[in-house]
Amino acid sequence: MATGGLSPANIATPIRNILKRQRNARVLLGEAVGLDPRARRVILSDGALSYDTLVVALGSSHHYFGKDEWSRLAPGLKTIEDAIEIRRRILIAFERAEREPDPTKISALLTFVVVGGGPTGVEMAGALAEIARDTLTHEFRSIDPSHARILLLEGSPRVLSVYPPDLSEKAIRSLQHLGVEVRTGTIVTDIQPDAVTAKTGERTERIPTATVLWAAGVQASPFGKVLAETAGSTLDRAGRVMVEPDLSVPGHREILVIGDLAHFAHGSGSPLPGVAQVAMQQGAYAARLVQDRLQGRATPPFRYRDYGTMATIGRNAAVAELFGFRFAGYLAWLAWLCIHLVQLVRFENRLLVFAQWSWSYFSFNRSARLITNLPT
């Protein structure tokens with residue numbers, strides 16, 4: 001969505017629609033701002049709700065390592081709104097370059113810096129390269145989009161650091177094949193409206209650019225602090241709530257915390273990663289736990305099953321480690337597509353996304369390249 005491949009409606013479904021046949025479910029739109037564990041009430045910005053069991057699944061947000069002022073200049077990708085804003089910035093950069101007479105300014109406008117070499121950063125850098133070299137071909141008269149410069153900056157020694165080293169190397173080769181400049185061991189020290197300052201070893205470089213995209217880190221939802229203040233929860237350095245083996249808050253078995261906000265390290269010694277499959281498995285477990293409690297049954301502790309990891313890089317390029325097998329290239333890319341299609345909520349969305357991906361594959365086009373929310 002952030003690079004114009006899909007429209008928001010293709011992948012997002014209203015919760016009301018999902019639960020319309022679930023007669024014992026009620027959907028309310030509101031903002032949780034506080035908690036009263038003794039009275040078992042969630043405090044909303046415009047009222048309050050009572051509960052018997054509270055499931056907190058508020059996820060995470062972007063982490064700028066103490067430089068929160070960078071958020072305005074380098075948006076991250078966590079929500080639909082983030083994706084639309086990133087899409088706007090990418091497309092506007094090309095449009096501004098088309099009208100710019102100064103070659104130096106054109107170079108800066110056509111330089112895109114992605115900070116962070118995790119799955120999100122790798123995918124974004126690859127998609128940007130494909131937009132510049134394939135999608136926008138022959139659409140401009142004053143500039144050549146294929147001359148766009150895409151840099152991926154990663155602070156650790158390799159991209160996709162949680163993946164095996166051989167898959168990281170294959171990812172780098174795929175990115176370089178697309179024309180992406182990959183710089184590992186590089187720390188961003190400053191971000192300005194017209195440039196990024198990065199340090200590699202003892203060397204510091206100022207990179208003129210108009211578009212910086214953030215994929216370097218995440219931090220837990222601020223609601224974790226509310227749980228700490230009201231329920232006595234313990235937070236880790238990332239602001240995640242330390243939970244019991246059944247995902248409950250210590251001393252409050254009626255409060256469950258799941259997903260990116262939960263620090264679950266039972267059985268492994270290290271917290272589970274903030275990825276979708278963890279949240280999905282914990283969501284299913286929380287539902288079973290509530291059902292078991294209502295029926296007076298005991299529920300065994302939560303157990304995470306790691307089915308593998310995968311990251312897409314570009315057309316026919318991805319890396320995957322599934323069920324103990326490592327592979328890359330077209331087969332990994334095809335597996336990534338199939339798994340993501342299956343995980344979409346509605347059959348209608350799966351059909352639409354399959355059709356749109358198929359058309360984009362053969363036409364090299366991205367049909368959702370809309371520029372919205374133009375600054376006034």
| Short N-O contact, R183 and E154, less than 4.0 angstrom | no

| Just by distance, do the side chain of S60 and the backbone of A220 share a donor-acceptor pair under 3.5 Å? | no

| Worked check of side chain to side chain contact (heavy atoms under 4.5 Å, CB included) between R87 and I371 | CA-CA 7 Å; R87 182 182 68 184; I371 301 176; over 6 Å; no

| request: Output, in order, the C-alpha distance, side-chain angles, deciding distance and verdict of side chain to side chain contact (heavy atoms under 4.5 Å, CB included) for L44 and V33. | output: CA-CA 5 Å; L44 307 179; V33 296; 5.7 Å; no

| message | Run V182 and V159 through side chain to side chain contact (heavy atoms under 4.5 Å, CB included) and show every step you take. | response | CA-CA 9 Å; V182 181; V159 301; 3.8 Å; yes

| Strictly by modelled atom types, are T200 and T186 linked by a side-chain donor-acceptor pair under 3.5 Å? | yes

| What do you reckon, are the aromatic ring centroids of W333 and Y361 less than 6.0 Å apart? | yes

| said: Check whether R40 reaches the backbone of Y51 with its side chain - one donor and one acceptor, N or O, closer than 3.5 Å. | reply: no

| task | Consider only side-chain N and O atoms of Q277 and Y304, and report whether a donor and an acceptor are under 3.5 Å apart. | result | yes

| request: Take R41 and D36 through the test salt bridge (charged side-chain N to carboxylate O under 4.0 Å, His left out) and record every step on the way to the result. | output: CA-CA 5 Å; R41 284 162 55 88; D36 184 352; 5.1 Å; no

| request: Please work out whether the ring planes of F264 and H266 are parallel, tilted or perpendicular, with thresholds of 30° and 60°. | output: perpendicular

| request: Classify the angle between the aromatic ring planes of F140 and F94 as parallel (below 30°), tilted (30 to 60°) or perpendicular (above 60°). | output: tilted

| task | Could you tell me whether a side-chain N or O of E98 sits under 3.5 Å from a main-chain N or O of S142, the two making a donor and an acceptor? | result | yes

| task | Answer yes or no: is there an ion pair linking R240 with D236, defined by an N-O contact shorter than 4.0 Å? | result | yes

| Check ion pair E139-R369 (N to O, under 4.0 angstrom) | yes

| request: For E321 and R326, indicate whether the former's side chain and the latter's backbone hold a donor-acceptor pair under 3.5 Å. | output: no

| query | Is any NZ, NE, NH1 or NH2 atom of the basic residue among D194 and R206 found under 4.0 Å from an Asp or Glu carboxylate oxygen of the other? | reply | yes

| query | Hey, is E130 close enough to R366 for a salt bridge, meaning N to O under 4.0 Å? | reply | yes

| Yes or no on side chain to side chain contact (heavy atoms under 4.5 Å, CB included) for T53 and R253, after CA distance, side-chain angles and deciding distance? | CA-CA 8 Å; T53 299; R253 64 189 302 270; over 6 Å; no

| said: Less than 4.5 Å apart, side chain to side chain, heavy atoms only: is that true for H263 and V241? | reply: no

| field | Carboxylate-amine/guanidinium proximity below 4.0 Å for D246 and R293 | value | yes

| Do other residues, nucleotides or ligands put more than 12 heavy atoms under 6.0 Å from the CZ atom of R96? | no

